[in-house]
Amino acid sequence: MSKRLRKPIKKEKDFSDKILKILSQSANKAFNYKQIGAKLELDDTASRNQIIKDLKILASQNKIIESEPGKYLVKAASQDYYEGKIDMTGRKTAFFVCPDLEDDVFIPTANLNHALDKDIVKVYVYNRRKGKRPEGEVIEVIERHKTDFVGVIDIQANFAFVSTANPKMYTDIFIPKDKIGEAEQGDVVLVHIEDWPKRADSPFGTVVKVLGKPGEHDTEIHAILAEYGLPSEFPIEVETYAQKIDTSITAEEIANRRDMRDTLTFTIDPKDAKDFDDALSFKELENGNYEIGIHIADVSYYLEEGTILDDEAYQRATSVYLVDRVVPMLPEVLSNFACSLRPHEEKYTFSAIFEITEKAQVVNQWFGRTVIYSDQRFAYEEAQHIIETKQDVIPVEISITGAAYQVPAEIVVATLKMDEIAKIFRKKRMADGAISFDKVEVKFNLDDAGEPQGVYFKVSRDANHLIEEFMLLANKKVAEYIGKQKKTFIYRIHDEPNEDKLIAMQTVIAKFGYKIDFRNKGDISKSLNQLMADVNGKKEQNLIDTLAIRSMSKAKYSTDNIGHYGLAFEYYSHFTSPIRRYPDVMVHRLLQFYLDGGKSVDEETYETKCLHSSTMEGLATNAERDSIKYMQVKYMQDHQDQEFLGVISGVTEWGIYVEIIENKCEGMVRIRDIRDDYYTFDEKQYALTGATSGRLLQLGDEIFVKVKNADLVKKQLDFNFLRRNE
């Protein structure tokens, strides 16, 4: 008699998580077991019985409630559900960031459920036991961070896919045949995600704009702007409106203003500047003090609230400074003409005028609308020459006129005296705890076609500091004047640094022999300033400057004044650049409104505008950074056969980042491409360790590299490791 084989015992399924997900997605609707079974596409008896069982268990655990016999709702305030933001890792997984949770929650790829980077989502958190890393699943995408993406199109017979160079965009985008538009195979395109069907692997989109062919200069610059949702040109109706504005200077309007046309006034700007939004005036007073005026283009006079021009300026919120062009906040008729304080022209301005003593004490102040006449335009290099030599002749090699010329004696006197006062202001700021970040800026010499011919570094000198200090004075005093009246205003605020980031930075800088004093806020500031001075001109300067800036909180706009940590100011605003920043326009409007006796405006309205301005500033900064990276890659493409000496600026498990000393271009050497030993990552030492030799490749080490690959589309440099600098 043969033995009957026993069937293996079938493990019961647990539908709890799926039930919670279904109930959470329709939080106000009650479901019975049949409806849940239908949602899960289960209609067999065993599964239905298990669903009934799981519903009762969840109800007994107080995770759901039985709203009526046999019908269940998710508990409204379930402790396992949170709203927050997705932070993609670049490896198709993510972390869920929520202020209500102590730790970020890991989200596996399978649990993303169509969420993309920076989306606002609802997440169900599990594995919350002590010692276990919390994990979660996206239950609902509440708000998409972005729906427009830039990528390269791959056209098939009846459809297309667009893949992006963004490492955090983990999926390509499906384009139906009728939504491809004018795009051709391999074009760089801007696509808009319209839908993401539940069972589809990829979102469905439509081609909004064809940007050009990959690698072409204009294509890549426009791709950078499109990636961040930044415009490249003005709508025709906005340009037309701007062209019709009356920009003439009239006797009637001059009569409404303080007339400063007879006071010595001049501008100091970069030599390639096209918009001059600030000027300085100087007058010696009979009592031995000085009247110094900071005159700012009166943009708000031309930019009327509620017009299409004002709406466009608000949406842009800032000019965007890319390596080869400026995308202005205002059309050229205003930014480069009517509102630009050009030499030998009368202009309407909004001014902050101070009476200042020989010892740089402000004893009087006045704010209001003025009319000025600029006597001279200087480049920073020309003003610097006056400061350094105390002489009145500008040599041909730095002259913006193309020839040597003599500066009027009164302008030389004014420049030297304002330089003295600015240095006293600066010294006092530093003593009060301000932090000096004179980070080296990478600039490119471009030919007429926008091709990089060389790299140079922009460094702030006395002439730059002169302008900076008087702009800071105006910004501070305007904010102080309104702030002390307790009226709603727009402040530029900067919180204290993140101590965890400073501690992490200390670990890195200790390898170079530096340290931060953590005893109190003042000591942190002093030691950071000392650090900036100590690294000046050293091979590790750019690395440490970058780390220090990253450890700082980000400055932003707000109606809630908490002061400005980096400048050590109790009150601070942005008043001095309304041509290129919309918050300055709002500050001008509010200041005039309050000068006219207006009552405090609605705080909530202006806080919304502050948030928008800060967001747009962040996008512009990212675009500017990407354009520099793009130009660095382009520059290095033409130097593929050259050896470069670089400094190791970062160490990871997959390789080392190397910054070339002579041009600040940064790229990666993959660990597999370092052939003189077998290396592993040592996290504690921020180093790669050779298995045979035991030698380290660590932060700050100098090595020779050569370009392996320069990818313009990804804006990515890969280097080959050649040898150490020994």
Side-chain angles (χ1 to χ4, degrees), residues 258-271 273 276-297 341-347 349 351-366 370-429 460-477 576:
R258 179 169 171 174
D259 193 340
M260 304 283 291
R261 289 175 294 176
D262 292 334
T263 303
L264 178 69
T265 303
F266 54 95
T267 61
I268 304 175
D269 289 281
K271 59 187 176 186
F276 315 125
D277 53 9
D278 57 76
L280 294 175
S281 67
F282 181 85
K283 183 195 288 186
E284 291 190 42
L285 301 175
E286 290 181 4
N287 62 4
N289 292 340
Y290 306 98
E291 181 191 271
I292 297 177
I294 296 98
H295 307 283
I296 309 302
L341 309 184
R342 302 191 298 182
H344 315 305
E345 294 182 12
E346 295 177 340
K347 295 290 180 180
T349 45
S351 304
I353 299 170
F354 303 100
E355 183 182 341
I356 301 174
T357 69
E358 189 78 34
K359 294 183 179 179
Q361 293 174 314
V362 177
V363 294
N364 223 328
Q365 65 184 28
W366 180 91
T370 54
V371 58
I372 65 162
Y373 178 89
S374 177
D375 298 289
Q376 183 104 22
R377 179 210 162 184
F378 286 115
Y380 281 117
E381 292 82 358
E382 295 173 311
Q384 185 67 29
H385 181 77
I386 295 171
I387 292 167
E388 288 179 358
T389 66
K390 313 283 193 287
Q391 294 177 1
D392 62 357
V393 175
I394 303 297
V396 64
E397 57 268 21
I398 62 169
S399 169
I400 54 173
T401 68
Y405 69 95
Q406 189 169 13
V407 180
E410 62 267 30
I411 293 182
V412 174
V413 169
T415 302
L416 294 175
K417 180 51 65 178
M418 286 195 287
D419 176 59
E420 286 177 25
I421 292 171
K423 282 172 176 164
I424 298 172
F425 283 153
R426 187 174 177 84
K427 187 176 180 182
K428 183 180 184 307
R429 272 201 310 116
S460 290
R461 301 167 75 189
D462 291 337
N464 303 82
H465 293 319
L466 185 162
I467 294 298
E468 179 186 23
E469 291 303 325
F470 282 104
M471 296 306 118
L472 290 175
L473 175 67
N475 288 333
K476 179 177 79 167
K477 289 296 186 181
T576 54

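Residues: numbered from 1 along the sequence shown. Source: prediction; values computed, not measured.
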Inset, instruction - Check whether the side chains of E382 and H385 place a donor and an acceptor atom closer than 3.5 Å, and report yes or no. - result: no
Inset, instruction - Could you give me the CA-CA distance, side-chain angles and deciding distance for S281 and T265, then say whether side chain to side chain donor-acceptor pair (under 3.5 Å) is met? - result: CA-CA 4 Å; S281 67; T265 303; 4.6 Å; no
Inset, instruction - Sequence neighbours left out, what pairs pass salt bridge (Lys or Arg N to Asp or Glu O under 4.0 Å) with at least one residue falling in residues 384-412? - result: E388-R461
Inset, instruction - Taking side chain to side chain donor-acceptor pair (under 3.5 Å) as the test, write out the residues that go with K476, two or more places apart. - result: none
Legend entry - NZ/NE/NH1/NH2 to OD/OE distance under 4.0 Å, E284 and K417: no
Legend entry - T401: side chain to side chain donor-acceptor pair (under 3.5 Å) partners, not counting sequence neighbours: S399
Inset, instruction - Can you sort out the partners of T357 under side chain to side chain contact (heavy atoms under 4.5 Å, CB included), two or more places apart, ordered by chain and number? - result: N289, K359, Q361, V363
Legend entry - side chain to side chain contact (heavy atoms under 4.5 Å, CB included) partners for K427, two or more places apart: none
Legend entry - Any residue meeting side chain to side chain donor-acceptor pair (under 3.5 Å) with N287, in chain and number order, not counting sequence neighbours: E355
Inset, instruction - Apply side chain to side chain donor-acceptor pair (under 3.5 Å) to D278 and list each qualifying residue two or more places apart in sequence or on a separate chain. - result: none
Inset, instruction - Could you list the residues that satisfy ring-ring contact (aromatic ring centres under 6.0 Å, His included) with Y290, not counting sequence neighbours? - result: F282
Legend entry - Test side chain to side chain contact (heavy atoms under 4.5 Å, CB included) applied to L341 and I372, D269, I296, D277, the passing residue: I372
Legend entry - For K271, salt bridge (charged side-chain N to carboxylate O under 4.0 Å, His left out) partners two or more places apart: none
Legend entry - Sequence-distant partners of R261, salt bridge (charged side-chain N to carboxylate O under 4.0 Å, His left out), two or more places apart: D259, E346
Legend entry - Within residues 372-381 or reaching into it, pairs that qualify as side chain to side chain donor-acceptor pair (under 3.5 Å) - sequence neighbours excluded: none
Inset, instruction - With sequence neighbours left out, write down each residue that passes side chain to side chain contact (heavy atoms under 4.5 Å, CB included) with A352, or none if nothing qualifies. - result: F354, F367, A474, F575
